[in-house]
Every structure is written in structure tokens, then in C-alpha cells.
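Residue numbers start at 1 and run along the sequence shown.
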Amino acid sequence: MTPSATDGPGPKGRSRRNFAGARPVMADVARLSGVSKQTVSRVLNNHPAVRPETRQAVLDAMLTLGYRPSRSARSLASGRTRMLGVISFDAARYGPASILTAINTAAQEAGYLVSSIALDTADQGTVVEAVNRLSAEGADGVIAIAPQQWVGRALAETDLGTPLVVLESALDASTPLVTGDSRTGARKATEHLLGLGHATVWHIAGPAGWTSADHRLASWQVTLQVAGADVPAPLVGDWGADSGYELGRRLARRPEVTAVFASNDQMALGLLHALHESGRSVPGEVSVVGYDDIPEAAHLLPPLTTVRTDFAEIGTRSLRLLLDRIDGPGERPRVDTLVPVDLVVRASSGPPPVG
């Protein structure tokens, strides 16, 4: 028996075959519905210039044939690949990893695929290579998670030739920026400890050159100065719990230290370990505040007071901004999006010891 265009499908989910026995293609849909392939393309992309009866005829033909438009067919029809690129640095850390997850989820909901490139270094050659790879894949736009200032400089010197949104580090007068409000978060953490009665607040900072670390350090200093409190010399870590532990051992030996603000929760975790090991009770003798609100923060002993960053919101907003740039290309003023942060008070902070 010769197969026909209306033969039923084989196994569940498998497309019907066309007259030649192959999977149906756009030309088969056009032939059965009596329209051109261009009209089929317009229907696939919800173009408004298609009469309702024509649109229905095309949809009926697709249903009859079991036609499922491929991504390449949609790309040819719209001039887009519906693929987005993401360039990330230090992607294993909680913040960047959470942002990347949110970008993938939001992109999938918008009908896009995501191609991610994680870089260990951000010299211009490495960034150019990543950009060239995404361009070769036909990325409609790129999101760059650029936590270090030199990453931003490397991107600024690279001709992307495609819409770009940057997280953390500002690039130029037109590239949209999305970031958590680190300055406000550090101010809230410092004011919280001062408000509990501590004479001053010590700080374990993130590494120099990281935008969020620099903003938190500067805001901590200004907040102490405005309050008329002494500004101790900051101790600089590397975001890891080990560095928080080593710096915490130094702080634990100083009896005048009664309050510490750590620039992320991992370093705060190491600090808690060092204080416990040294016999300094938290919060009885030393109060500790972290930053990020990692999932484990509420389950530490004691549960950690911290600043919550909505990483999912950062990822979602960056995706929306990028799609907006893709849909409306051209030069525009830069849009800066500061995602609000919240202080989450738990049991690791309290009044200073009496006497």
C-alpha cells in the first residue's frame, strides 16, 4: 500500500509521513493548505499580516500532516536562532550558579535555548574566543555575568555585534546592567550591628577588584564614618570558607572584636568555625552577619543573620532586558537595574557582652 499524507502516525509522538514517506516539511504544509511557504513561515511566527481563515488552514494542514516545525525552520522564518549565549566567570559559586539557573528557566519559558560558556580567566583573548564561539552558534543575544571589574573591561574592548546585558560590572553608556544592591545590603548589615549597641563593626571583605566586594567594603566604611564609629582595617578573604576561618582565627584573638560583617556567607561560615574553636560564643561575645543567604544559612549553629540577595530575580530581569534589546535593537541609554536586598535577622547577631 502506498503511504498517503493522511496516514496515521506510528508510535505515539511520531510525525506522520509525507507522500514520499519522509517526515513532513514546510513545503508539504504549504501544498496541503494551498498557500506559499512564506505564508506558512508567517503563521509559525505569529505574523499579524495573515488572515484568520488562512492561518486556520495552515494550522489544520500542520495537524493533518503531524508537522512539527524544527528550530532551524523557525530560524529561517524569523531570522533568529532563538538561542542565547551566557558568558560566566567563577560559575561554581552560589550566586553565579543561581543566576545561571534562573536565566535558563526564564529562557526556556520564552522559547529560547541557552548556550553557556564558563571561563576561568577573562583576558581579552579568552573573552574574544568565547564571543566568537557564541557568534558562530548564531546567538541572538548575550548575557555576561561579570563579577570582576577587569572582566567588564575585557568585554568593553570586544566587538560583540549582538545585544548584550551585563551583570555586576558596568561597561559603557548603552549596555544594560543588572546587579544586586550591594551598597544598601552592606549598609543594612552594618547599621544592624551598630543598632544592637556594638561600638564598631569589623569586616571580612571579598577580594579586591570584585565589584560586589568593593561596593560592600566602601559602604561598610561610609556607614561607620557616618555613625562616628572607628573604622578598623578590613581583612580580605577570597570568598571561601577556608579564608574566613583563617581570618576568623586572627579576629578571635582580639577581645575588642564584638561584631563582624563578612562579605559572603561562606566566609561567615569559616568565621563561625574559628570563633567556636577559640571559645568565643556567638552571639554572646561576637555577633556575625553574612551576605547572600545561602540555603544552609538558616541551619548553621547558630542560624546566620545575613543579607538576602534574590539571585533568581537578577537572572530573570537580565533575560527580560536582553529580549527587550533583541526585539528593539538600536542605540539607547543604559538601563541600570538594582535588585533590592533584605536583611534576614537570625540568631548569630545580638547585643555586645556586658562589662
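The main-chain N or O of H215 is never found under 3.5 Å from a side-chain atom of S219 such that the two would form a donor-acceptor pair. In this structure, R82 contributes its side chain and G111 its backbone to a donor-acceptor pair below 3.5 Å. A donor-acceptor pair is defined here as one N or O able to donate and one able to accept, closer than 3.5 Å; no such pair exists between the side chain of R280 and the backbone of A274. Distance alone, capped at 3.5 Å, places no donor-acceptor pair between the S263 side chain and the I204 backbone. Judged purely by atom type and a 3.5 angstrom limit, W202 has no side-chain atom pairing as donor or acceptor with the backbone of L235. Within the 3.5 Å criterion, the main-chain N or O of G315 finds a donor-acceptor partner in the side chain of S318. The backbone N or O of N104 lies less than 3.5 Å from no partner atom in the side chain of Q108, so there is not a single donor-acceptor pair.
The cluster map of Ile, Leu, Val, Met, Phe, Trp and Tyr, joined by side-chain heavy atoms under 4.5 Å apart, puts V307 and L193 in the same cluster. Note on L247: it does not cluster hydrophobically with W220, by side-chain heavy-atom contacts below 4.5 Å among ILVMFWY residues. Placement of L59 and L65 within a single hydrophobic cluster is found when ILVMFWY residues are connected by side-chain heavy-atom separations under 4.5 Å, directly or transitively. No continuous path of hydrophobic side-chain contacts links Y291 to L269 [ILVMFWY only; heavy atoms under 4.5 Å]. Hydrophobic clustering, with ILVMFWY side chains joined whenever heavy atoms are under 4.5 angstrom apart, groups L322 together with V86.
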Residues L84, L323; criterion side-chain contact (heavy atoms from CB on, under 4.5 Å); working and verdict: CA-CA 9 Å; L84 305 175; L323 295 182; 4.2 Å; yes
side-chain contact (heavy atoms from CB on, under 4.5 Å) between T162 and D140, worked out: CA-CA 7 Å; T162 188; D140 292 329; 5.7 Å; no
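Residues S348 and L300 are not in side-chain contact: their nearest non-hydrogen atoms beyond the backbone lie 4.5 Å or more apart. When side chains are defined from C-beta on, L275 counts as touching V288, because their heavy atoms get closer than 4.5 Å. Looking at I143 and I99, their side chains never come closer than 4.5 Å, going by heavy atoms from C-beta outward. Within the 4.5 Å cutoff, the side chain of D324 has no heavy atoms near those of the R320 side chain. Side-chain contact between R31 and D28 is present, with heavy atoms from C-beta onward closer than 4.5 Å.
Applying the ring-ring contact (aromatic ring centres under 6.0 Å, His included) test to pairs two or more places apart or on separate chains, those with a residue in residues 229-285 are H203-F261, W210-W239, Y245-H273. For residues 184-197, the set of pairs meeting the side chain to side chain donor-acceptor pair (under 3.5 Å) definition, not counting sequence neighbours, comprises D181-T184, R187-E191, H192-S349. Applying the ring-ring contact (aromatic ring centres under 6.0 Å, His included) rule to pairs touching residues 296-320 yields Y94-F311, sequence neighbours excluded. Screening residues 264-276 for salt bridge (charged side-chain N to carboxylate O under 4.0 Å, His left out) gives no qualifying pairs among residues at least two apart or on separate chains.
Scanning both residues, A259 and V286, for their nearest heavy atoms gives N-CG1, 4.3 Å. For the pair E168 and A146, the tightest heavy-atom approach, listed with the atom from each and the gap, is CB-O, 3.2 Å. Of all the heavy atoms in A107 and V114, the pair that sits closest is CB-CG2, 3.5 Å. Of all heavy-atom pairs between A205 and M267, the closest is O-CE, 3.6 Å. A pairwise comparison of heavy atoms in A229 and T200 identifies CB-OG1, 4.2 Å as the closest pair. Looking at every heavy atom in both residues, G290 comes nearest to T306 through C-OG1, 3.1 Å.
With rounding to the nearest 0.5 angstrom, the CG atom of L119 is 7.0 Å from the OG atom of S88. One finds the CG atom of L134 at 9.0 Å from the OG atom of S116 (value rounded to the nearest 0.5 Å). Put simply, CG on L164 and CG on L321 are 11.0 Å apart, with the number rounded to the nearest 0.5 Å. Distance CG/D292 to OG/S212: 8.0 Å, rounded to 0.5 Å. Going from atom CD1 of I145 over to atom CG of L167 covers 6.0 Å, rounded to the nearest 0.5 Å. Summarising the geometry, atom CZ belonging to R308 is positioned 12.5 Å from atom CD1 belonging to I294; distances are rounded to the nearest 0.5 Å.
Take Q221 and apply the side chain to side chain contact (heavy atoms under 4.5 Å, CB included) test, not counting sequence neighbours, and it matches L217, V231. For A61, the side chain to side chain contact (heavy atoms under 4.5 Å, CB included) partners at least two apart in sequence or on another chain are V29, L32, S33. T54 pairs by the side chain to side chain contact (heavy atoms under 4.5 Å, CB included) definition with V35, T39, V50, R51, not counting sequence neighbours. In this structure, A199 has no side chain to side chain contact (heavy atoms under 4.5 Å, CB included) partners at least two apart in sequence or on a different chain. Scanning for side-chain hydrogen bond (donor to acceptor under 3.5 Å, both in side chains) contacts around D238 gives S243, with sequence neighbours left out.
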Counting only pairs under 3.5 Å, give me each side-chain donor-acceptor contact of residues 250-258, with atom names and distances, residues two or more places apart or in other chains.
| residue | atom | partner | partner atom | Å |
| --- | --- | --- | --- | --- |
| R254 | NE | E256 | OE2 | 2.9 |
| R254 | NH2 | E256 | OE2 | 3.0 |
| T258 | OG1 | H198 | ND1 | 2.8 |

Side-chain atoms of residues 337-346: list all donor-acceptor pairs with protein atoms under 3.5 Å, sequence neighbours left out, distances to 0.1 Å.
| residue | atom | partner | partner atom | Å |
| --- | --- | --- | --- | --- |
| R346 | NH1 | D293 | OD1 | 3.1 |
| R346 | NH1 | L304 | O | 2.9 |
| R346 | NH2 | D293 | OD1 | 3.1 |

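Residue E277 places its CD atom among more than 12 non-hydrogen atoms of other residues, nucleotides or ligands, all under 6.0 Å distant. By the neighbour-count criterion of 12 heavy atoms within 6.0 Å, atom CZ of R93 is densely surrounded, having more than that number from other residues, nucleotides or ligands.
Side chains of Q56 and D60: a donor on one and an acceptor on the other come within 3.5 Å.
Grouped by direct or indirect side-chain proximity (heavy atoms under 4.5 Å, Ile/Leu/Val/Met/Phe/Trp/Tyr only), V236 sits alone.
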